[in-house]
There are 2 protein chains.
Amino acid sequence: MVDSGRAPRRGRPPVSDEQRGRQRLDISRHAVRLFAEQGVAATSGEQIARAAGVSERTLWRCFPTKESCVEPLLTKMLDAFRTVLHAWPPGVGLIEHLRTAYQPVLDSSSGEDVEAVLAVVRMTHDEPALRAAYLVLRERAEETFTEVLAERMGMPPATFEVRVQAATMNAVLKVAADEFARETVGRGITPEVLKDHREQLAHALGLVTRRLSGTDVG
Amino acid sequence: MVDSGRAPRRGRPPVSDEQRGRQRLDISRHAVRLFAEQGVAATSGEQIARAAGVSERTLWRCFPTKESCVEPLLTKMLDAFRTVLHAWPPGVGLIEHLRTAYQPVLDSSSGEDVEAVLAVVRMTHDEPALRAAYLVLRERAEETFTEVLAERMGMPPATFEVRVQAATMNAVLKVAADEFARETVGRGITPEVLKDHREQLAHALGLVTRRLSGTDVG
DNA sequence: ACTTTAATGACAGTTACTGCCAACAAACTG
DNA sequence: CAGTTTGTTGGCAGTAACTGTCATTAAAGT
């Protein structure tokens with residue numbers, strides 16, 4: 001309907017979304033490293049910008065607050081779950097699907113990023129500003145859950161029941177992620193704790209989701 | 001064990017917690033009013049302090065950020081639920097208890113405060129900083145739920161299952177509060193929407209809490 | 001009155017961010 | 001190639017949210 005692309009495009013084209021994403025992710029990694037090394041409060045925006053090799057001005061153009069610099073990395077982690085959720089085949093229960101398909105570390109990315117993410121999750125318990133950013137982030141991810149669940153339950157996404165299920169799922173994920181971060185603190189990420197994590201998540205979701213088993217949902 | 005009160009107390013005594021609370025609540029009311037009138041970004045700390053009749057310095061001593069000024073008011077709302085939860089008698093299911101005992105507006109406080117709280121909840125959808133403060137606040141309230149549920153389920157509060165149930169309950173409460181704020185936007189708080197809210201909350205909690213019915217819990 | 005302890009207010013200082021504009025980069029046009 | 005157009009970046013000044021410090025005042029006891 002709109003005549004998109006019809007205008008013969010003059011001047012420099014805007015950078016692609018992927019490139020933007022890469023830049024943000026790059027900054028995010030440096031920021032998280034600095035946060036972990038010296039604490040959030042002791043890390044200045046100027047420092048982050050220098051480490052990432054950009055000017056402070058562009059840093060603030062990419063992120064509204066310095067705490068939000070953790071977003072791209074954390075989003076990668078949440079994406080692991082989102083992917084699995086999207087791949088949830090009809091007819092099979094959510095819990096059993098998770099048990100077979102959810103491998104949080106492998107899908108998400110390189111091991112270093114995973115460690116960094118876990119470090120952030122641990123930091124959120126002591127740094128209030130970071131906790132706030134973390135919670136906002138998780139809530140944004142809830143939207144995705146809402147969409148998937150809405151389709152699953154055959155209701156519009158804005159439905160109260162759908163939102164309740166999505167919020168519930170999100171809450172369970174948060175506690176499970178927290179527990180996972182706690183248990184991997186000393187040792188690295190062994191296949192054991194990974195399995196425990198998946199099992200714990202599946203178990204917990206089984207506790208609170210009645211209507212999402214395979215038999216209930218058309 | 002400690003020789004508390006043994007030292008014959010010299011000098012001016014520190015102000016009581018109630019008085020502190022009153023001061024914070026007073027500031028909170030002014031802050032919320034200003035936020036609602038002109039938006040969060042357009043309201044400065046100096047303005048809040050002037051409206052509340054204190055110096056800016058003491059404002060920052062009471063609240064770490066200007067968004068956190070909404071805390072005392074919002075906490076009052078959450079307290080309404082906490083009270084009901086604490087009054088939850090053994091042997092009776094949580095849902096039926098809520099259906100009979102939960103009257104969010106009446107317990108909490110004066111009608112003006114309730115309207116202010118709802119205004120804040122609505123504002124959180126457009127003001128990111130406010131949303132962050134709101135989410136942090138709600139998560140702090142989760143601790144209380146954890147304690148009550150832990151006692152109920154006969155487990156230590158740090159247990160994974162207890163935390164899952166508490167987080168779930170918290171998530172449901174959030175969605176319900178959100179819906180309540182949305183439905184009361186034009187009209188005031190009629191007994192009708194109030195009843196709908198209670199019913200909706202009870203229904204939603206029934207959906208996601210299996211183990212908290214009267215028969216399941218000893 | 002004098003001491004002691006706690007709260008407040010005033011003021012300077014830091015820093016997270018914002019607006020603004022000049023400089024530069026990447027496309028197309030002649 | 002220069003010239004134009006459009007988008008991105010960087011520098012610099014400014015604002016406002018806080019923080020540290022200290023003098024002043026308030027509320028108690030002796």
Side-chain angles (χ1 to χ4, degrees), chain A residues 4-28 30-31 34-35 38-71 127-130 132-133 136, chain B residues 4-28 30-31 34-35 38-71 127-130 132-133 136:
Chain A
S4 63
R6 218 47 36 110
R9 284 251 33 90
R10 331 239 321 167
R12 175 182 186 170
V15 298
S16 65
D17 285 359
E18 305 92 61
Q19 209 162 342
R20 272 261 177 265
R22 266 195 296 274
Q23 184 184 35
R24 281 171 49 92
L25 184 58
D26 184 56
I27 294 177
S28 185
H30 286 284
L34 290 172
F35 286 165
Q38 50 190 347
V40 178
T43 306
S44 69
E46 190 198 346
Q47 240 177 326
I48 300 175
R50 264 212 319 269
V54 298
S55 84
E56 203 181 335
R57 191 63 188 86
T58 57
L59 170 66
W60 299 129
R61 262 194 277 261
C62 289
F63 299 98
T65 69
K66 74 173 175 181
E67 290 83 19
S68 64
C69 289
V70 304
E71 194 221 87
E127 308 257 9
L130 211 56
V136 169
Chain B
S4 63
R6 218 47 38 107
R9 285 254 27 93
R10 330 240 319 167
R12 176 183 185 169
V15 298
S16 64
D17 285 359
E18 304 94 60
Q19 210 163 340
R20 271 261 178 264
R22 265 194 296 275
Q23 185 185 37
R24 281 170 51 92
L25 183 59
D26 184 57
I27 295 177
S28 185
H30 287 283
L34 290 172
F35 286 164
Q38 50 190 349
V40 178
T43 305
S44 69
E46 189 197 347
Q47 241 177 325
I48 301 175
R50 264 211 319 269
V54 298
S55 84
E56 204 182 334
R57 193 61 187 86
T58 57
L59 170 68
W60 299 129
R61 263 193 275 259
C62 287
F63 299 99
T65 71
K66 74 173 174 180
E67 291 82 21
S68 65
C69 288
V70 304
E71 194 223 89
E127 309 258 10
L130 211 57
V136 169

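So you know, we letter chains A, B, ... as the sequences are listed, proteins then strands, and number each from 1.
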Exercise. Side chain to side chain contact (heavy atoms under 4.5 Å, CB included) between V40(A) and K66(A): does it pass, once the steps are laid out?
Worked result: CA-CA 9 Å; V40(A) 178; K66(A) 74 173 175 181; 4.1 Å; yes
Exercise. Of the nucleotides dG9(C), dA7(C), dC17(C), which one has an atom closest to the side chain of T58(B)?
Worked result: dG9(C)
Exercise. Do E67(B) and E127(B) come within less than 4.5 Å of each other through their side chains, counting heavy atoms only?
Worked result: no
For this session: Enter the distance from I48(A):CD1 to C62(A):SG here, rounded to the nearest 0.5 Å.
Result: 12.0 Å
Exercise. Roughly how far, to the nearest 0.5 Å, is CD of E71(B) from CG of L25(B)?
Worked result: 10.5 Å
For this session: Take atom CD of E56(B) and atom P of dT14(C), then tell me their distance rounded to the nearest Å.
Result: 18 Å
Problem set entry | Protein-nucleotide distance (R50(B), atom CZ; dA10(C), atom C1'), rounded to Å | 16 Å
Exercise. Which of residues 61-71 of chain B have a heavy atom under 4.0 Å from DNA chain C?
Worked result: R61(B)
For this session: Step by step, work out the side chain to side chain contact (heavy atoms under 4.5 Å, CB included) result for Q23(B) and D26(B).
Result: CA-CA 5 Å; Q23(B) 185 185 37; D26(B) 184 57; 5.7 Å; no
For this session: With a 4.0 angstrom cut-off to heavy atoms of chain A, pull out the first and last contacting nucleotide of DNA chain D, in 5'-to-3' order.
Result: dT5(D) to dC12(D)
Exercise. Quick one: I27(B) CD1 to dT8(C) C1', roughly how many Å, whole number?
Worked result: 12 Å
Problem set entry | Contacts of type salt bridge (Lys or Arg N to Asp or Glu O under 4.0 Å), residue E56(A), not counting sequence neighbours | none
Exercise. Can you name the residues that form a salt bridge (Lys or Arg N to Asp or Glu O under 4.0 Å) with R50(A), not counting sequence neighbours?
Worked result: E46(A)
Exercise. Between atom CH2 in W60(B) and atom C1' in dG13(C), what is the gap in whole Å?
Worked result: 16 Å
Exercise. Using a heavy-atom distance cut-off of less than 4.0 Å, which residues of residues 15-23 of chain B contact DNA chain C?
Worked result: V15(B), R20(B), Q23(B)
Problem set entry | Spacing of L59(B) atom CG and S55(B) atom OG [to the nearest 0.5 Å] | 8.0 Å
Exercise. I27(B) and V54(B): which non-hydrogen atoms are nearest, and at how many Å?
Worked result: CD1-CG2, 4.3 Å
Problem set entry | Distance, rounded to the nearest Å, where R57(A) contributes CZ and dA16(C) contributes P | 15 Å
Exercise. So do V136(B) and S68(B) actually touch side chain to side chain, heavy atoms under 4.5 Å?
Worked result: no
Seminar exercise, completed: In 5'-to-3' order, the base (B), backbone-only (S) or no-contact (-) status of each nucleotide in nucleotides 25-30 of chain C, using a 4.0 angstrom heavy-atom cut-off, is BBBSS-
For this session: Quickly work out the L59(B) CG to dA10(C) P distance and round it to whole Å.
Result: 14 Å
Problem set entry | R24(A) backbone acceptor or donor facing S28(A) side chain under 3.5 Å | no
Problem set entry | Closest heavy-atom pair and its distance - L130(B), V70(B) | CD1-CG1, 3.9 Å
Exercise. How close or far is atom C1' of dA10(C) from atom CD of E46(B), stated in whole angstroms?
Worked result: 13 Å
